[in-house]
There are 2 protein chains.
Amino acid sequence: MPRMAVMDSAVAREQALDAAEELFYGRGVQAVGMDDVRGASGVSLKRLYQLFPAKEQLVEAYLERRDVRWRDRLAGFVARREDPRERILAVFDWLEEWFGEDGFRGCAWINSYGELGATSSRVAAQVRAHKQAFRGYLAGLVADAGLPGTLAGQLFLLAEGAMVTAGITGQTEPAREAREAARLLVRAG
Amino acid sequence: MPRMAVMDSAVAREQALDAAEELFYGRGVQAVGMDDVRGASGVSLKRLYQLFPAKEQLVEAYLERRDVRWRDRLAGFVARREDPRERILAVFDWLEEWFGEDGFRGCAWINSYGELGATSSRVAAQVRAHKQAFRGYLAGLVADAGLPGTLAGQLFLLAEGAMVTAGITGQTEPAREAREAARLLVRAG
DNA sequence: AGCGGTGGAGAACGAGCGTTCTCCGGGCCG
DNA sequence: CGGCCCGGAGAACGCTCGTTCTCCACCGCT
């Protein structure tokens, strides 16, 4: 009955990714060994290498899954607001919530880019794709609000600056500063 | 005559730092070995370890020297403008110049923070100090223009967002987008 | 009960690299 | 000219870590 083995593989994969995400995000990719992932996940090394033939693939899977979840969480939060302009500002409210979470250590993609961007072209491409998706999402919000397209890039830069600054300082305040700037830019637009 | 030896040490130190800066910035700190620094600088390993007892100290010296130079270059560019509001916008003009330079790979401190922030508290502190100095510089420009203090944080976030985005995409455009947003915020202030 | 195969624990291997050591040549002093 | 010290080249050492291998316990089947 291979059904069971398949299920176990799926479970092991999730456990491995859960552990990898916490460790990679919290300490940096290079500071975490495959053995650390094994220890934290309970998935044996043999199985880990069956699921992810090399560490780089585990890293890619980690960024990929986090990308989907991150954008879903943001979109879910924003969708609760009705007014199109409020939705734009809600992005920054969500950032503030995120920055305040336990274990927040900045943007996983910006951090990974600093760590691996010069070495791994695949990671670099994933980071670019993630940022482009976020920017595209903002562009959609701006268009829905009937505001000029140039605003999207400006909001994007504010959000990126807030993420990087919150990551470095450990404070949530950058989200409020960015929100206030966004409010002024929306009003001016 | 120890005079000569002292001079040579100073020269060797500069050569080592020149090579370290190019390599660390271009490829990331962890991807560069001490032997690479030796090869690129012509300074022998023995001498390298006399000047910098461990790699971490070389990294610190690299960030320290680059910090001074970076802020001097920015301040020098901005000081050429007379009008206080123009000086604020000149910051973003300088960013555009910087982004367009050969070998530009984003902000050295943001990248280093992503790579080492979770591991080395000394590097993390240096990054925070650099960013705080930059923010303080912007606050001075804002005060000189008689604009409200809250503007400084907003301009800072725009600049950080532009640096991180230019680093990831390799384009200079974020500087112009940030400049336009800054112009609107200055006008609104 | 015997047995084949699956999977886990952890040793083993090999590469990379930070750091130190050894050896040697070349200039300076008596 | 002979001994001495400074510094360079690069081998060596020890550790980490990605990846693979070995061995063994367990589980289902006949």
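So that the names make sense, note that chain A is the first sequence line, chain B the second, and so on, each numbered from 1.
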Answer with base, sugar-phosphate or nothing: what part of the nucleic acid does A/V37 contact at a heavy-atom distance below 4.0 Å?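 The residue A/V37 makes no contact with any strand.
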Does B/K55 place a side-chain N or O at less than 4.0 Å from the phosphate oxygens OP1/OP2 of C/dG18?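 Checking B/K55 against C/dG18: at least one side-chain N or O falls below 4.0 Å of OP1 or OP2.
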Between the side chain of B/Y62 and the main-chain N/O of B/V29, is any donor-acceptor distance below 3.5 Å?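 The answer is no, because no donor-acceptor pair under 3.5 Å joins these two groups.
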Rounded to whole angstroms, how far apart are [atom1] on [X] and [atom2] on [N]?
X	N	atom1	atom2	answer
B/D36	C/dC17	CG	C1'	10 Å
B/L45	D/dC13	CG	P	16 Å
B/L58	C/dC17	CG	P	15 Å
B/E56	C/dC17	CD	P	18 Å
A/D35	D/dT20	CG	C1'	13 Å
B/L51	D/dG8	CG	C1'	14 Å
B/L48	C/dT19	CG	P	11 Å
A/R38	C/dA11	CZ	C1'	11 Å

Tell me which one of B/Y25, B/Y137, B/W98 satisfies ring-ring contact (aromatic ring centres under 6.0 Å, His included) with B/W70.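 Output: one option passes, namely B/W98.
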Whichever of B/G42 and A/Q30 has its nearest DNA chain D nucleotide further upstream toward 5':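 The residue whose closest nucleotide sits nearer the 5' end is B/G42.
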Distance-only donor-acceptor check, side chains B/E56 and B/S120, under 3.5 Å: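 Yes, because at least one side-chain N or O of B/E56 sits under 3.5 Å from a partner of the opposite role on B/S120.
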Measure from the side-chain heavy atoms of [X] and tell me the nearest of [options].
X	options	value
B/S44	C/dT19, C/dG8, D/dA9	D/dA9
A/K46	D/dA9, D/dT22, C/dA11	D/dT22
A/R47	C/dG8, C/dT19, D/dT19	C/dG8
A/Y49	C/dG18, C/dC23, D/dT19	D/dT19

According to a hydrophobic-cluster definition based on side-chain heavy atoms being under 4.5 Å apart (Ile, Leu, Val, Met, Phe, Trp, Tyr only), do A/F99 and A/F156 belong together?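 Cluster IDs for A/F99 and A/F156 match.
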Please tell me which of B/M34 and A/V43 maps to the more 5' nucleotide of DNA chain C, matching each residue to the nucleotide holding its nearest heavy atom.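 The residue mapped nearer the 5' terminus is A/V43.
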Exceeds 12 heavy-atom contacts within 6.0 angstrom, atom CZ of B/R176: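 Counting other residues, nucleotides and ligands, CZ of B/R176 stays at 12 neighbours or fewer.
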